[in-house]
Asker: 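Pasting a structure here, questions to come.
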Amino acid sequence: MTRISWDQYFMAQSHLLALRSTCERLAVGATIVRDKRIIAGGYNGSISGGVHCADEGCYVIDNHCVRTIHAEVNALLQCAKFGVKTEDAEVYVTHFPCLNCCKALIQAGIKTVYYANDYKNHPYAIELFEQSGVRFEKVELNEAVIDLNSQEKWSFVNSILEKLHQSNLSKKEIARLEDQAFSLFQPS
């Protein structure tokens with residue numbers, strides 16, 4: 001088995017954190033890393049002990065849910081709560097940070113922002129990152145890195161392909177099916 005890259009490892013962690021989100025509009029996860037060590041994680045949701053959007057719906061004012069704390073801010077607040085330094089750390093986020101999260105990350109001393117998905121990338125956020133010397137880079141998650149059954153799936157597909165070779169299907173049709181099967185296991 002091949003080891004996954006650090007970027008895939010930390011991005012996978014952010015996607016796992018997003019599974020804890022209580023936001024009905026977009027599930028986001030963020031992992032703060034320093035020296036290849038996870039120092040905090042957060043997901044978007046309500047304040048601790050508060051009402052969750054998943055239970056009672058979003059509380060929307062001016063097209064924004066005011067009940068939700070964003071994943072990046074939750075991760076930064078976790079660091080503040082436990083006295084963990086964020087200067088020169090990196091953050092892995094499932095979605096490009098909003099303008100307010102961008103400003104919070106800059107103020108916290110985050111040096112690099114890795115994100116998996118574009119999401120309303122605000123031009124001023126990009127300008128602020130560039131002005132502040134904060135690097136930002138898209139690192140899409142290869143979902144296969146967290147698929148715990150990928151070996152079993154690959155074996156199953158290979159066994160089906162082997163049976164197809166013994167069938168009456170044309171070589172062209174078998175080749176098309178093989179290409180389709182192999183594409184399922186390629187990084188996106």
Side-chain angles (χ1 to χ4, degrees), residues 1-33 36-38 41-45 52-55 57-58 60 63 65 68 70-72 74-75 90-98 101-102 105 110 112-123 125-126 129-130 134-188:
M1 185 164 107
T2 306
R3 285 177 85 185
I4 63 174
S5 71
W6 285 111
D7 284 342
Q8 289 295 298
Y9 172 75
F10 296 128
M11 194 58 76
Q13 177 68 31
S14 293
H15 281 271
L16 287 172
L17 284 161
L19 295 174
R20 290 282 305 152
S21 172
T22 59
C23 179
E24 293 284 285
R25 299 172 83 187
L26 182 69
V28 179
T31 305
I32 300 177
V33 174
K36 303 260 187 278
R37 299 290 177 261
I38 296 171
Y43 52 87
N44 56 334
H52 296 288
C53 297
D55 298 330
C58 293
V60 178
N63 204 30
C65 181
T68 300
H70 290 189
E72 302 92 326
N74 263 332
E90 303 169 323
V91 66
Y92 289 78
V93 191
T94 57
H95 296 79
F96 190 87
C98 73
C101 287
C102 159
L105 293 168
I110 299 294
T112 307
V113 175
Y114 298 100
Y115 64 99
N117 300 294
D118 290 305
Y119 183 74
K120 300 180 181 179
N121 302 22
H122 197 286
I126 293 168
F129 279 151
E130 290 171 347
V134 173
R135 254 181 21 101
F136 56 98
E137 179 182 333
K138 189 171 187 175
V139 175
E140 295 178 10
L141 176 67
N142 173 5
E143 287 86 2
V145 303
I146 56 175
D147 183 353
L148 301 178
N149 299 313
S150 64
Q151 294 293 75
E152 292 172 39
K153 291 176 185 177
W154 185 240
S155 294
F156 177 71
V157 168
N158 274 330
S159 70
I160 291 173
L161 290 172
E162 189 59 39
K163 289 177 184 174
L164 287 174
H165 280 288
Q166 299 167 7
S167 73
N168 292 334
L169 282 178
S170 70
K171 290 184 188 258
K172 185 177 180 180
E173 181 64 13
I174 293 172
R176 187 188 68 73
L177 292 170
E178 281 180 333
D179 288 345
Q180 189 176 357
F182 292 143
S183 72
L184 294 172
F185 292 92
Q186 299 302 314
S188 31

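Numbers here are sequence positions counted from 1.
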Asker: Mind listing the closest non-hydrogen atom pair of Ala75 and Ala30 along with its distance?
Answerer: CB-O, 4.2 Å
Asker: Between Gln8 and Glu140, what is the shortest heavy-atom contact and its length?
Answerer: NE2-O, 2.8 Å
Asker: Measure the SG-CZ distance between Cys58 and Arg25 for me, rounded to the nearest 0.5 Å.
Answerer: 5.5 Å
Asker: If you measure from CD1 on Ile4 to CE on Met11, what distance do you get to the nearest 0.5 Å?
Answerer: 11.5 Å
Asker: Please check this pair: side chain of Thr22 against backbone of Gly45, looking for a donor-acceptor N/O pair closer than 3.5 Å.
Answerer: no
Asker: Aromatic rings Phe96 and Tyr115: how do their planes relate, parallel, tilted or perpendicular, breaks at 30° and 60°?
Answerer: perpendicular
Asker: Calculate, to the nearest 0.5 Å, the distance between atoms CG and NZ belonging to Asp118 and Lys138 respectively.
Answerer: 3.5 Å
Asker: Evaluate the side-chain contact (heavy atoms from CB on, under 4.5 Å) criterion for residues Val113 and Arg135: first the C-alpha distance (whole Å), next the side-chain angles of each, then the deciding distance (0.1 Å), finally the verdict.
Answerer: CA-CA 6 Å; Val113 175; Arg135 254 181 21 101; over 6 Å; no
Asker: Using the ring of each side chain (for Trp, its six-membered ring), is Tyr9 parallel, tilted or perpendicular to Trp6, with breaks at 30° and 60°?
Answerer: perpendicular
Asker: Any side-chain to backbone donor/acceptor pair from Asp55 onto Cys53? Under 3.5 Å, distance only.
Answerer: no
Asker: Please check this pair: side chain of Asn44 against backbone of Leu26, looking for a donor-acceptor N/O pair closer than 3.5 Å.
Answerer: yes
Asker: Does any N or O in the side chain of Glu72 come within less than 3.5 Å of the main-chain N or O of Tyr43, such that one atom is a donor and the other an acceptor?
Answerer: no
Asker: Out of curiosity, Cys102 SG to Ile110 CD1, how far, rounded to the nearest 0.5 Å?
Answerer: 11.5 Å
Asker: Atom CG in Leu141, atom CZ in Phe10: separation rounded to 0.5 Å?
Answerer: 13.5 Å
Asker: Would you say Val134 and Leu105 make side-chain contact, with heavy atoms under 4.5 Å?
Answerer: no
Asker: For the backbone of Gly29 and the side chain of Thr94, can you confirm whether one donor and one acceptor N or O come within less than 3.5 Å of each other?
Answerer: yes
Asker: side-chain hydrogen bond (donor to acceptor under 3.5 Å, both in side chains) with Glu130: which residues, sequence neighbours excluded?
Answerer: none
Asker: Can you list the steps and then say if Glu90 with Tyr114 is a side-chain contact (heavy atoms from CB on, under 4.5 Å)?
Answerer: CA-CA 8 Å; Glu90 303 169 323; Tyr114 298 100; 3.6 Å; yes
Asker: Just how far is it from atom OH of Tyr92 to atom CD1 of Ile38, taken to the nearest 0.5 Å?
Answerer: 10.0 Å
